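For reference, the structure discussed in these notes is given below.
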Amino acid sequence: MDEAALKAVAESLEHLAEQEVWNPELWQRCYDLLKANWDNDLLEYVYDDVVHYSGEFHSRNIFGFRVKPDRYQLEHYRQEFRDIAKALRSSMPLSEAKKKYEL
């Protein structure tokens with residue numbers, strides 16, 4: 001993974017973590033960057049959480065009505081996105097990131 005791609009993915013994860021409301025364009029950009037750089041263990045690891053994060057904004061209750069997540073539901077995802085971005089910026093391997101950030 002080249003330096004520019006690494007920086008773009010890290011920035012995308014950080015921006016996604018900052019969002020208070022669903023931002024489909026930003027999510028799609030992050031998702032596309034993850035898929036394009038699949039050869040990185042950290043990105044493979046965070047991929048599922050990026051997908052599940054989008055599901056939090058599209059959940060429905062038992063009556064079929066959309067349910068918006070509150071900020072506490074999303075904090076785990078957001079912290080993980082921030083931690084993965086830090087690990088990417090420091091070229092940390094997945095095993096070390098798991099230990100340092102308790103992923």
Side-chain angles (χ1 to χ4, degrees):
M1 174 185 257
D2 67 22
E3 192 68 31
L6 185 77
K7 182 179 178 186
V9 172
E11 286 176 356
S12 181
L13 286 168
E14 289 167 341
H15 290 297
L16 194 59
E18 294 170 358
Q19 300 301 303
E20 293 296 323
V21 295
W22 177 242
N23 184 330
E25 293 83 19
L26 182 58
W27 180 87
Q28 189 65 52
R29 175 168 163 63
C30 187
Y31 178 83
D32 292 343
L33 284 168
L34 290 173
K35 292 290 282 186
N37 296 285
W38 194 251
D39 59 338
N40 183 292
D41 289 345
L42 283 166
L43 300 186
E44 285 182 37
Y45 180 83
V46 77
Y47 173 80
D48 283 341
D49 282 338
V50 168
V51 171
H52 292 137
Y53 178 77
S54 72
E56 292 288 343
F57 289 95
H58 298 92
S59 297
R60 295 184 181 270
N61 66 16
I62 62 172
F63 302 110
F65 296 110
R66 286 198 181 228
V67 179
K68 297 205 179 211
D70 62 33
R71 63 179 214 187
Y72 300 107
Q73 286 175 276
L74 302 174
E75 190 53 39
H76 169 75
Y77 292 108
R78 291 177 175 160
Q79 188 58 51
E80 183 170 300
F81 298 161
R82 289 182 205 108
D83 293 341
I84 294 291
K86 289 178 206 170
L88 286 169
R89 290 183 188 281
S90 63
S91 301
M92 190 180 295
L94 177 59
S95 59
E96 190 177 328
K98 281 183 173 183
K99 289 177 191 172
K100 182 173 184 173
Y101 298 113
E102 299 177 1
L103 299 173

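Atom set for the values below is all heavy atoms of this structure, side chains included, hydrogens, waters and symmetry mates excluded. Quick caveat, the model's predicted, so the values are computed rather than measured. All residue numbers refer to positions in the sequence shown, counting from 1.
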Take Glu18 and His15, measure what side chain to side chain contact (heavy atoms under 4.5 Å, CB included) needs, and give me the verdict at the end.
CA-CA 5 Å; Glu18 294 170 358; His15 290 297; 3.7 Å; yes

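Minimum interatomic distance between Ser12 and Leu33 (heavy atoms only, all atoms of both residues): CB-CD1, 3.8 Å. For Arg29 against Ala8, the heavy-atom pair with the smallest separation is NH2-CB, 4.2 Å. The two residues Arg66 and Phe57 have their closest heavy-atom pair at NH1-O, 4.0 Å.
Between Leu103 and Ile84, some side-chain heavy-atom pair lies under the 4.5 Å cut-off. The shortest distance between side-chain heavy atoms of Val9 and Leu42 does not fall below 4.5 Å.
In this structure, the side chain of Gln73 engages the main chain of Asp70 through a donor-acceptor pair within 3.5 Å.
Between the CG atom in Leu74 and the NZ atom in Lys68 there is a gap of 12.0 Å [rounded to 0.5 Å]. If you take CG on Leu16 and CD on Glu11, they are separated by 13.5 Å, rounding to the nearest 0.5 Å. In this structure, Asp41 CG and Ser95 OG are separated by 8.5 Å, a value rounded to the nearest 0.5 Å.
Between Glu14 and the choices Arg78, Arg89, Lys7, Lys86, the salt bridge (Lys or Arg N to Asp or Glu O under 4.0 Å) rule is met once, by Arg89.
Grouping the Ile, Leu, Val, Met, Phe, Trp and Tyr side chains by contacts below 4.5 angstrom, directly or via other members, places Phe81 apart from Tyr72. Under the 4.5 Å side-chain heavy-atom criterion for grouping Ile, Leu, Val, Met, Phe, Trp and Tyr, Trp22 is connected to Tyr77 within one hydrophobic cluster.
Residues passing the salt bridge (charged side-chain N to carboxylate O under 4.0 Å, His left out) test with Glu75 are Arg82, sequence neighbours excluded. Every residue was checked against the salt bridge (charged side-chain N to carboxylate O under 4.0 Å, His left out) condition with Lys100, not counting sequence neighbours, and none meets it.
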Enumerate, atom names and distances included, each donor-acceptor pair closer than 3.5 Å involving a side-chain atom of residues 43-56, sequence neighbours excluded.
{"residue": "Tyr47", "atom": "OH", "partner": "Tyr31", "partner atom": "OH", "Å": "2.9"}
{"residue": "His52", "atom": "ND1", "partner": "Asp48", "partner atom": "O", "Å": "3.1"}
{"residue": "Ser54", "atom": "OG", "partner": "Val51", "partner atom": "O", "Å": "2.6"}

